[in-house]
Every structure is written in C-alpha cells, then in structure tokens.
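No experiment lies behind these values; they were computed from the predicted model shown. Sequence lines set the chain letters: A, B, ... in the order given, protein chains first and strands last, and positions in each chain run from 1.
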2 protein chains.
Amino acid sequence: MAEVRSPDTRERILDAAERLFMAHGYEGTSMRQITGEAGVNLAAVNYHLGSKEALVQEVFRRRLDWLNDERMRVLNAMEAEADGKPLKPSQIVDGFFGTLLRMADDERRGGITFLRLLGRMLTDPSEFIRAFFAHEYSEVIDRYKEALFKALPDVPKAEIVWRFHFMLGATSYAIAGTDALRVVTDWQIEEADATDRLDRLVPRLMSFLLGGLRAPLPQFSDAEAVGK
Amino acid sequence: MAEVRSPDTRERILDAAERLFMAHGYEGTSMRQITGEAGVNLAAVNYHLGSKEALVQEVFRRRLDWLNDERMRVLNAMEAEADGKPLKPSQIVDGFFGTLLRMADDERRGGITFLRLLGRMLTDPSEFIRAFFAHEYSEVIDRYKEALFKALPDVPKAEIVWRFHFMLGATSYAIAGTDALRVVTDWQIEEADATDRLDRLVPRLMSFLLGGLRAPLPQFSDAEAVGK
DNA sequence: CTATGATTCATACGTTCGTTTGAATCATAG
DNA sequence: CTATGATTCAAACGAACGTATGAATCATAG
C-alpha cells in the first residue's frame, strides 16, 4: 500500500493559484489559468485539492496557520517578559501588524505576493471567503484586543475595537498596493521594486497606526451636527 | 424623430447593479442576476449601457462625478475663506473623507450601498476598474494633496502622500464593512442598522485619521534612512 | 389615422466555466 | 518479475456566461 505522498504538483498548484488570485481575484481566475501556469493537468486541482473553493482556502491556510501561530508566540513571549504588567501599545501593534509585514521578506512564507493577496481578499465579497477568515482569525484577534484593553485602560473598549478595525484597513490597503488612485506620483522616483517599496512602507505605516490608535477620543457633537 | 428619452429602465438597471456588485463583486455578478433583480429583459443592459464593462463604469460615474465635484467645491470654498493662509488639516480631511462619508445619509446619491461598493472595489483586482478609478480621481486627489502640503509645511511631502494612502485604506475598509475578521463582537450590542452604525463610525474614523496624519515621523533604522 | 423610431422581448449564438470520467502511466512492495 | 494503488492525462459533461439577433410592442409626430 503506497502512502499518500503527493509530489510537488500540489505545491506548484498552490503557488500558481496564489499569484493568479493576487493578480485577478478569486472569481477572475479560472482553473485553466491556474493549471496552465503551474504546468500541470487541468484535473490535478480537483484530484489534489477537491474543488476551487477548497483550493483558495488551502492557499490561505498554509500561510495563515504559520502567521497566526507566530503572532500568538510573539504575544505570549512579550506577556511573559512583562510579568503581568501591561504591554506598550507599540509592542502590541508590532506583534500583530509587524509580524504580518515582515512576511514580505520571507519568500518561504509567500513573501510579498501573499501579502498583496491577503490585502485584497480581506474585502472580497465572496461569502465563504469572509466566513473562512472570521474563523481563521477569531482567536488571535481576541487575544490582541485583550492586550490592547489592558495597555490602554483609560480608553473605552469599544473605541479600541473600532481603532483595531481602522488599523486593519490601513494595513490591508497599503499592502494590497493597487495604487488604484495613483497616490504615489511622479516626483516620487522610487517604484524600484515591490519588496524594496515595502521596506520603506513599514516604518511609515507603523507610525501612522500608532498615531491613530493614540489619537484623542472623538467629540460627539450633539444631534449629529456634522463637523467642524 | 423621437428623442432619446429612456424611461427608468436604465436607472433600475444601475440601481440593481449597484446592489449586486456591492454584495458579490464585479466578476461574481451576472447579467442575468442584474436584469432579474431590476425586472427588465436580459438584453436591456446591452441596449442601454452597451456592455458589462460600460455598465460598471456608469454605476461609478453617476456617483463619483457628484462626489468629486462636491469635494472640489468644498475645497475651493475653504480656500477662498482662508484667503491664502493654509487650511487646518482637520478641514482638509473633513473635506475629502467627510464629504464621502456623508453620502451615507443621502439615499439620492446611493447611500450606504454605494459607499460599501466603493470601499470594496477600490481593491478590486480588475485592471480596467483600477484604470478607471485612477482617471476619475486624479484631479481631486492632486488638489487635496497640495492643500495638505501647504497645511503641513514641516512634514516631507512624501510622508504626506504615504499617509493619504493610509487614510484612504482605513476609510475604504471601514465603509466596506465586511467585518471579515468579526472585529465588532458580541458585547457591542449595536448592529442595529447599517446607516445607524455609520453615524457612530464617522467621528471615530475622523479622529483616527487625524491622529495618524499628525503622528510623529517614523524613525528609520540607519542605512537607507530615507526622508525626515 | 399612419409612419417612424425607440424600446422590449424571447431566443439563440459561441465561449468558457468547474467538474467528472476512464484509461494510461508511474512508483513501489512483495 | 507481477501486482497494486497513486498519479497523470485527454476528452468530455452540463451549466452558466456575455452578447447578438430580429420580430413584437410602444410612444409620438405629422
């Protein structure tokens, strides 16, 4: 009885799917494109993965399992070192977002391709993709929120949850890097290389996130009188 | 010779497409779904709009034209009032993002449905959609960036451009409102109504954006220390 | 009224989609 | 060697896709 050994066909499918889903989205990528780019037979996806839905879930799972384990490991280590005292907000933000962003330099973990894929898919409309993320992320999100509650005891919990949401948005949009609105313009030479660009992004994004997290609490104008 | 009168068929198609693109994305929505929901014949889309690509562009154009005109109008009014002096960053942020967010209450402008559609589509991978946004937005983006440069003369321009990018990301993710990671949890009662939720979001988001915009400049680890 | 052009309609075209099938090929155990 | 199960392969399936066609229907001008 031969055992389920599965050569690199499966991995080549996942790699090709990762690239193509990043470039064209889930619905915009066909099985024929994937198997063509991977250099395998069309039927190989259904044989090794089962279906297109199972494929995209596996594309994320093989990266997110490591990422969220690492986030947990980092948080546990920081909390052990702090010995019961609250962590600094910057530590927590770095543990969650910094750990993600450092994946860009690690080609074994998908590198920048996976980061951009994740940034785009977090707002993907497909119901089963949203449900998958919610399940995959709930534990680590809860732990980091608790750490922030403890680090910022004077800020209402609801406020922290909102700001966590905003930080996620700024990060996922930044790493998606679509430049949909061509925000980065001519006189910014750069655009050298995607990885290189991310090196310069990370410290800037972290400053922005911390600035937003520690911003003064909003003033609610009575009767919702708009602004100003 | 009868003139091109076009009853409300065209509008009903655009309304249905707006809802369905918001819920299922561009590639995930079929012409048959759209015409079914609109209660019109399948061929009506190609007759009134030409093609699916032209349809989605018109869905955005009928809202974005007004939005970006309004943003221009607000900025011009503020600058006229300031009489050459720099504006306050909070004014500029409110002019750009506040004007967008206030569309949520204006059902004639698409309301929250259009806001969520826009938030999701800004990271859509389709090439022609990105090109469309870049063209549609470039003028107003440039004007607001210039206003920020003037308002924050001590901050390097590149830094402001990055932070504009981050603000866009936080905003589009927030209004997309997918809750992909179920950030808003149980003990937050709410979830009453989508519009109601947005009322509470706006002041919080504005505080966050301003906090991020005015955050201390990032410290670059030596080697390649870029700006500052 | 009739005539004209705008709009709607049922239907079909050709293509591409995700998936399945069954035979061919490969690797390994006995 | 043969036997067995894992893997690959070419081919096809039915369904759904975006689009096009030409006749029917409608509104209005003369």
Side-chain angles (χ1 to χ4, degrees), chain A residues 1-61 121 124-129 131-132, chain B residues 1-61 121 124-129 131-132:
Chain A
M1 171 171 80
E3 69 180 23
V4 182
R5 190 186 38 84
S6 188
D8 61 346
T9 297
R10 190 185 136 102
E11 294 299 317
R12 305 184 54 212
I13 291 171
L14 291 173
D15 289 343
E18 190 171 67
R19 280 194 300 274
L20 289 167
F21 286 150
M22 183 269 282
H24 308 116
Y26 174 71
E27 312 263 13
T29 304
S30 72
M31 304 286 260
R32 285 166 179 83
Q33 286 178 266
I34 294 168
T35 52
E37 173 128 338
V40 303
N41 188 272
L42 170 61
V45 175
N46 289 284
Y47 178 78
H48 286 281
L49 278 311
S51 68
K52 194 183 179 187
E53 282 202 10
L55 166 63
V56 68
Q57 294 192 26
E58 186 57 28
V59 165
F60 281 106
R61 192 182 321 274
M121 285 296 204
D124 193 275
S126 305
E127 184 54 47
F128 83 94
I129 289 183
F132 173 76
Chain B
M1 174 170 81
E3 70 180 22
V4 182
R5 192 186 34 84
S6 187
D8 60 347
T9 297
R10 190 185 137 102
E11 294 299 316
R12 305 184 54 211
I13 291 172
L14 291 172
D15 289 343
E18 190 171 67
R19 280 194 301 275
L20 288 167
F21 286 149
M22 182 268 283
H24 308 115
Y26 174 69
E27 313 262 13
T29 303
S30 73
M31 304 286 258
R32 284 165 179 82
Q33 285 178 267
I34 294 169
T35 53
E37 173 127 340
V40 304
N41 187 272
L42 170 61
V45 175
N46 290 285
Y47 178 78
H48 286 280
L49 280 310
S51 68
K52 194 184 178 185
E53 283 202 9
L55 165 63
V56 69
Q57 294 191 26
E58 185 58 27
V59 166
F60 281 106
R61 194 182 319 274
M121 285 294 204
D124 192 276
S126 304
E127 184 52 48
F128 83 95
I129 289 183
F132 172 76

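Listed here is the closest heavy atom pair of T9(B) and A44(B): CG2-CB, 4.3 Å.
Base-pair partner of dA15(D): dT16(C) (Watson-Crick or G-U wobble, both distances under 3.5 Å). Under the Watson-Crick or G-U wobble criterion, with both distances below 3.5 Å, dT7(D) is paired with dA24(C). With a cut-off of 3.5 Å on both pairing distances, the Watson-Crick or G-U wobble partner of dT21(D) is dA10(C). With a cut-off of 3.5 Å on both pairing distances, the Watson-Crick or G-U wobble partner of dA29(D) is dT2(C).
Using a 4.0 Å cut-off, no side-chain N or O of S30(A) falls inside it from OP1 or OP2 of dT16(C). Taking only side-chain nitrogens and oxygens, H48(A) never comes nearer than 4.0 Å to OP1 or OP2 of dA6(D).
No side-chain donor-acceptor contact under 3.5 Å links Q57(A) to the backbone of A54(A). Not one N or O on the side chain of S126(B) forms a donor-acceptor pair closer than 3.5 Å with the backbone of I129(B). Distance alone, capped at 3.5 Å, is enough to place a donor-acceptor pair between the T29(A) side chain and the L20(A) backbone.
In this structure, F21(B) places its CZ atom 12 Å from C1' of dG18(D), rounding to the nearest Å. Per the geometry, CD belonging to E27(B) stands 18 Å off P belonging to dA16(D), to the nearest Å. Whole-Å rounding puts the L42(B) CG to dA12(C) P distance at 14 Å. One interatomic measurement links the two molecules: NZ of K52(B) to P of dT19(D), which rounds to 8 Å at whole-angstrom precision. Straight-line distance from the CG atom of N46(A) to the P atom of dC9(D): 15 Å, rounded to whole Å. In this structure, the CE atom of M31(B) is 16 Å from the C1' atom of dC9(C), given to the nearest Å. Separating the CZ atom of R10(B) from the P atom of dT8(C) is a distance of 12 Å, rounded to the nearest angstrom. Rounded to a whole Å, the CG atom of L49(A) is 13 Å from the P atom of dT7(D).
For T9(B), the side-chain atoms get nearest to dT8(C) when compared with the rest of dT8(C), dC17(C), dG18(D). Of the candidate nucleotides dT7(D), dA11(D), dT7(C), dT7(D) has the atom nearest to the side chain of Y47(A).
A salt bridge (Lys or Arg N to Asp or Glu O under 4.0 Å) with E37(B) is found for one member of R12(B), R32(B), R19(B) and no other, namely R19(B).
Heavy-atom distances to DNA chain C give each of N41(A) and Q33(A) a nearest nucleotide, and the one nearer the 5′ end belongs to Q33(A). Judged by closest nucleotide on DNA chain D, G39(A) is the one of G39(A) and R32(A) placed further toward the 5' end.
Residue-level contact check: T35(B) touches neither bases nor backbone, having no heavy atom under 4.0 Å from any strand. A43(B) comes within contact range of at least one nucleobase, with a heavy-atom separation under 4.0 Å.
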